[in-house]
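Within every chain, numbering begins at 1; the chains are lettered A, B, ... in the order of the sequence lines, protein sequences first and strands thereafter.
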Protein chains: 2
Amino acid sequence: MNSGEVPDVVVLRLPLYVRVLSQLLHRGDNVVSSDQLGALLQMTPAQIRKDLSYFGRFGKQGRGYDVKFLREKLRGILGLDLKWPTCLVGVGRLGQAIINYPGFVPEGFDILAAFDSDPEQMGTTVGGLAVQPMSCLDETVAAKGISIGIVAVPSAQAQSVIGRLVKAGVHGILNYAPVAPQVPADTVIRNVDPVLSLQSMTFYLMQDRGAPLAAMP
Amino acid sequence: MNSGEVPDVVVLRLPLYVRVLSQLLHRGDNVVSSDQLGALLQMTPAQIRKDLSYFGRFGKQGRGYDVKFLREKLRGILGLDLKWPTCLVGVGRLGQAIINYPGFVPEGFDILAAFDSDPEQMGTTVGGLAVQPMSCLDETVAAKGISIGIVAVPSAQAQSVIGRLVKAGVHGILNYAPVAPQVPADTVIRNVDPVLSLQSMTFYLMQDRGAPLAAMP
DNA sequence: ATATGTGAATGGGTTCACAGCT
DNA sequence: AGCTGTGAACCCATTCACATAT
């Protein structure tokens, strides 16, 4: 077991492992090998074993990993067995889609408050939450112990909103605005940016003209 | 100039450069140095210069880069000066949010068709597009020359929908379903997965308890 | 027999540092 | 003088291969 620093790329892969293990559990599989996991995730068995070795020894030599056990361990390491109080800033079309997305809550990310700077939004309700003005942000974040902020405001406002969230005590930001915001070193930020994804995809699509689709017989 | 293989990480960064250059152009800046770009993107100047060197020599020694010129070059390399016919599969809440998102079209990604397997959706219109049954997929993809598919269906259907898109001739997939789909080697896939992002974030938030926020004086 | 856990080897991306151009 | 372009050095992640456990 390696108790040193864990590479960021490894941490990024852990949730993927948890997800596959959940699927296996659902199917009724009790044991998996790193070979099987590798096939499901399209990665080498060695990488999976190495990744896991940063956190402990979870397998049984000759057998493999107990699905339920490994899943619980990884969930604990990631803190997925906890509730994470979350808030949303920006309740436009995108914000509404986010708050109504049924995938966050079952994973422990409870959106407990919604904010918007538009006076017209005040008094309205989104996903069962009363939309609050930005002036309530500090108080609500403190009162509800909110540690994660989801940012769904226009690009021009994103940086300042993120600054306010951080100042209010939020340490994690999920940003949907197409910008590269600056945050303090002790703040974790993740950007959801489908346009960037598409724009790097087209590079490869361009090369494709006449790519090896299938060898002629 | 290095005409060999370009690392994938470099391609992933190019759209970021384009975006910053667009901002600079908008502000009226005509010239930038790799130092300035590095400060804006929080990366080292050396990395920016190295990245660009894979594609050519775009700067002027002693001066820096002409913003407009570099932006045009990078847009050309990525194929962003082209129109990319795109389709959407899945017009549920998420799909509707995607099709109404105003960020795709101005970047050249035109959603020209929408599909859904739900019979109740047939005949309805989403974002100005008539929702088509899945049986029309092959024909429409061919007829409109669609090369990119956006997948916003439930997890259980995602893999089969992606398979159908690929078979229909689509070479790029933007997948919103929380799964890790398998695609042929000549197909490019990008996953938009905010839950995974949050789940790797909590690992660091957990470590934070008592983290170095500021040194005591 | 079979599959983990892990040092060692490998490979690839980032940073350095300086030659070269303006 | 100032900043790019780039081989070389460095660093870190992945893969290998085998000792080890069941």
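The phosphate of C:dA3 has neither OP1 nor OP2 within less than 4.0 Å of any side-chain N or O from A:Ser34. Between A:Arg13 and D:dT14, a side-chain N or O to OP1/OP2 separation shorter than 4.0 Å is present. Contact annotation: A:Thr44 does not reach the phosphate of D:dT14 (side-chain N/O to OP1 or OP2, under 4.0 Å). Contact check, B:Arg57 against D:dT6: a side-chain N or O comes under 4.0 Å of OP1 or OP2.
A 4.5 Å side-chain heavy-atom check between B:Asp66 and B:Lys60 finds every atom pair outside the cut-off. Under the 4.5 Å side-chain criterion, counting only non-hydrogen atoms from C-beta, A:Leu78 is not in contact with B:Met206. Inter-residue side-chain proximity for B:Asp110 and B:Val105 is flagged as met; some heavy-atom pair is nearer than 4.5 Å.
One atom, CD of B:Glu5, and another, C1' of C:dG13, lie 14 Å apart when rounded to the nearest Å. Distance OH (B:Tyr17) to P (D:dT4): 13 Å, rounded to an integer number of Å. Here the P atom of nucleotide C:dG5 and the CZ atom of A:Phe55 are 14 Å apart, to the nearest Å. Summarising the geometry, the separation between OH on A:Tyr54 and P on C:dT4 is reported as 18 Å, rounded to the nearest angstrom. Straight-line distance from the CG atom of A:Leu70 to the P atom of C:dA3: 16 Å, rounded to whole Å. We find that CG of A:Asp8 is positioned 11 Å from P of D:dT14, with the value rounded to whole Å. For the pair A:Arg63 CZ and D:dA21 C1', the interatomic distance rounds to 11 Å; values are reported in whole Å. The CG-P distance, from A:Leu52 to C:dT6, rounds to 11 Å in whole Å.
Judged by distance alone, with hydrogens and angles left aside, B:Gln61 brings no side-chain donor or acceptor close enough to the base of C:dT22 to form a pair under 3.5 Å. At a cut-off of 3.5 angstrom, the base of C:dG5 holds at least one donor-acceptor pair with the side chain of A:Arg49.
Residue A:Ser33 places its side chain closer to C:dT4 than to any other of C:dT4, D:dG7, D:dT4. Listed candidates were C:dA3, D:dG5, C:dG7. Nearest to the side chain of B:Tyr65 is D:dG5. The nucleotide whose nearest atom lies closest to any side-chain atom of B:Gln47 is, among D:dA13, C:dT6, C:dT14, C:dT14.
Comparing B:Asp35 and A:Lys60, the nucleotide of DNA chain D nearest to each residue sits closer to the 5' end for B:Asp35. Where A:Lys50 and A:Gly62 meet DNA chain D, the nucleotide closest to each residue was compared, and A:Lys50 sits on the side nearer the 5' end.
With hydrogens and angles disregarded, no donor-acceptor distance shorter than 3.5 Å links the side chain of A:Glu107 to the backbone of A:Leu80. In this structure, the side chain of A:Ser200 engages the main chain of A:Ser197 through a donor-acceptor pair within 3.5 Å.
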